[in-house]
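So the structure is just underneath, and the comments pick up after that.
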Amino acid sequence: MEVSPDQIVIDARSPLILNATLLFTWITMGLLVGLSGWVTRQLSVRPQLPPWQNGLEMVVDGICNQIREITQHDPEPYLSFVGTLFLFIVTCNLLTVIPGYHAPTGSLSTTVALALCVFVAVPIFGIRQQGLGRYFKSYLEPTPIMLPFQIIGEFSRTLALAMRLFGNIMSGNLLAAILLSIVPLFVPIVMQLLGLVFGVIQAYVFSVLALVYIASASSVQQKNHHVFTQENGNE
Amino acid sequence: MLINWFTVFAQVFNFLILVALLRWFLYQPILKVMQKRQTLIAERWQEAERLQAEAQQTLATYQHQQQELHQQQATWLAEARLAADQERQRLLAQVRQAIAEQRAAWQTELHQEQTAFLRTLRQNVIHQTYAIARQALKDLANADLEAQLVQVFCDRLRQLETPQHQAIAQALSQTNQPILIQSSFELPLALRQQVTEALRTQFEIAQPIEFVTTSDLFCGIEIKLAGQEIVWSFDTYLQTLEQRLSNALTQEETSHHEPHFSAGAGCLL
């Protein structure tokens, strides 16, 4: 039994080994991009919207509202990054209901990659919002003694971010597999439904945490300090 | 090892590509169309507010015009009533005048008809009375009306009062004009001689005597002597009868009293 879809090799002949994580990531990307491109090729400005456009607008507007509520700021600069995080993770998690689909988020490589993206994105957004000196000066506050702890905190929260998502998805898949072998009827279905709920929640948690990290590094850091603290406490 | 670093970097690359693709295919178009819709709704909202303001202004204008119209309506109504009243008064006066004119014309016509009727009646009464009296005298008294009339006339000439006699005699002495004797009937020769003898007996006459039959004189005889006239006829009776008939026709239309004709004496003028 494979713990991670990285271990499922699709094509080993090529110099770069193609595993299930990459394959299903591409499938998910293709699905997301294809659906978006198909819906947005004929957008209507009038209030009578096609159902697919209405659904996508609800999703995008919901993400924008969440970003606005958390950052108290214009959501557009964060929308592409945070929204893609949420959509990719939630799509991967929801597609696990399809037999044979291996969620890329069940791979520690994927979650690490996403966490690395967040890790890099935080200083990028912070420097863009505050400037280079002011951003790095924030690591010396309230006292330079806290600099090592700040750096450790940056790495630890990135690691926690990756491990949380990986652990939840991987454990959900493992639990479903174990229950399927023990109780093949009815219980796996309930566990699959619970897995869908957990998948959505984990996507939301990952995205919100990434947003909080980015927002804490930006000019709105002080406004959302209590949120940041609360989220770290939950970890 | 659960972490495949090749996969990690590949996933980082994949994620960045996905961010770019979704930004291009999803976020920008959706945000753009939402922004357009928001702008459209805002424009429509402003347009609706502008139209509402215009509608309010138009409503206020209409209400003001309606109020002015009501006031004008009251004014016009009062003026129309005044004009109608004046027109009614004018028409009433015109009608009264027309009625008065028509009444006057009718009264004139009635008066003319009454006059014509009285004239006709007078003629008929004259003829009938004359015929009846003549026939009655002939049947009852075996007398001729004309002869009796001339006889009475001659008697009256002989019985003239002194002042009248003197006036006529004086007038005859001062003129040479012929003496004209008019009668309503043709006087026979005997009667002419009787009248001539009566005149010559009473007055000294040198003038010639002419006898004329005339229709103006009814049942009577008239002598014109030097500006003096001596008449003996039915005219007085007929005038009385005509006066009574006229009074009966003009004043007492509803009264049905029978006209009574009293015989009156003739007169000598």
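- If you check the side chains of B:Gln135 and B:Asp139, you find a donor sitting under 3.5 Å from an acceptor.
- Most heavy-atom pairs under 4.5 Å with chain B: of the set A:Thr25, A:Val120, A:Val112, this distinction falls to A:Thr25.
- No salt bridge links B:Arg44 with B:Glu47; every basic N to acidic carboxylate O contact stays at or beyond 4.0 Å.
- Under a cut-off of 6.0 angstrom, the local environment of CZ in B:Arg90 is crowded, with over 12 non-hydrogen atoms contributed by other residues, nucleotides or ligands.
- In this structure the side chain of B:Leu69 never reaches within 4.5 angstrom of the side chain of B:Gln65, judged on heavy atoms.
- A search for side chain to side chain donor-acceptor pair (under 3.5 Å) contacts involving A:Gln66 returns A:Tyr204, not counting sequence neighbours.
- Listed in order of number, the residues of residues 6-27 of chain B that approach chain A to under 4.5 Å between heavy atoms are B:Phe6, B:Thr7, B:Val8, B:Ala10, B:Gln11, B:Val12, B:Asn14, B:Phe15, B:Ile17, B:Leu18, B:Val19, B:Leu21, B:Leu22, B:Arg23, B:Phe25, B:Leu26, B:Tyr27.
- Taking the side chain as every heavy atom from C-beta outward, A:Phe24 and A:Leu95 never approach each other to under 4.5 Å.
- Neither the backbone nor the side chain of A:Arg41 comes within contact range of chain B; no heavy atoms are under 4.5 Å apart.
- A:Trp38 does not touch chain B: none of its heavy atoms, backbone or side chain, sits under 4.5 Å away.
- Interface residue A:Val45: backbone and side-chain heavy atoms are both found under 4.5 Å from chain B.
- Rounding to the nearest 0.5 Å gives a distance of 13.0 Å between CZ of B:Arg88 and CZ of B:Arg81.
- In summary, of the residues considered (A:Asn93, A:Val90, A:Val97), a side chain to side chain contact (heavy atoms under 4.5 Å, CB included) with A:Leu196 occurs for A:Val97 alone.
- Contacts with chain A (heavy atom to heavy atom, under 4.5 Å) involve these residues of residues 30-38 of chain B, listed by number: B:Ile30, B:Leu31, B:Val33, B:Met34, B:Lys36, B:Arg37.
- When A:Leu85, A:Ile63, A:Thr111, A:Val39 are compared by the number of non-hydrogen pairs under 4.5 Å with chain B, A:Leu85 comes out ahead.
- Ranked by heavy-atom pairs under 4.5 Å with chain B, the list A:Leu35, A:Leu87, A:Leu116 is led by A:Leu87.
- Contact of A:Ser44 with chain B is made through the backbone alone, with heavy-atom distances under 4.5 Å.
- For B:Glu113, there are no salt bridge (charged side-chain N to carboxylate O under 4.0 Å, His left out) partners two or more places apart in sequence or in a different chain.
- Within the 4.5 Å cutoff, the side chain of B:His70 has no heavy atoms near those of the B:Gln67 side chain.
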(request) Show your reasoning for whether side chain to side chain contact (heavy atoms under 4.5 Å, CB included) applies to A:Phe81 and A:Val118. (result) CA-CA 9 Å; A:Phe81 185 77; A:Val118 174; 4.1 Å; yes
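- Using a 4.5 Å heavy-atom threshold, the side chains of A:Phe88 and A:Leu114 count as touching.
- By the 4.5 Å heavy-atom criterion applied to side chains, A:Pro50 and A:Gln42 are not counted as neighbours.
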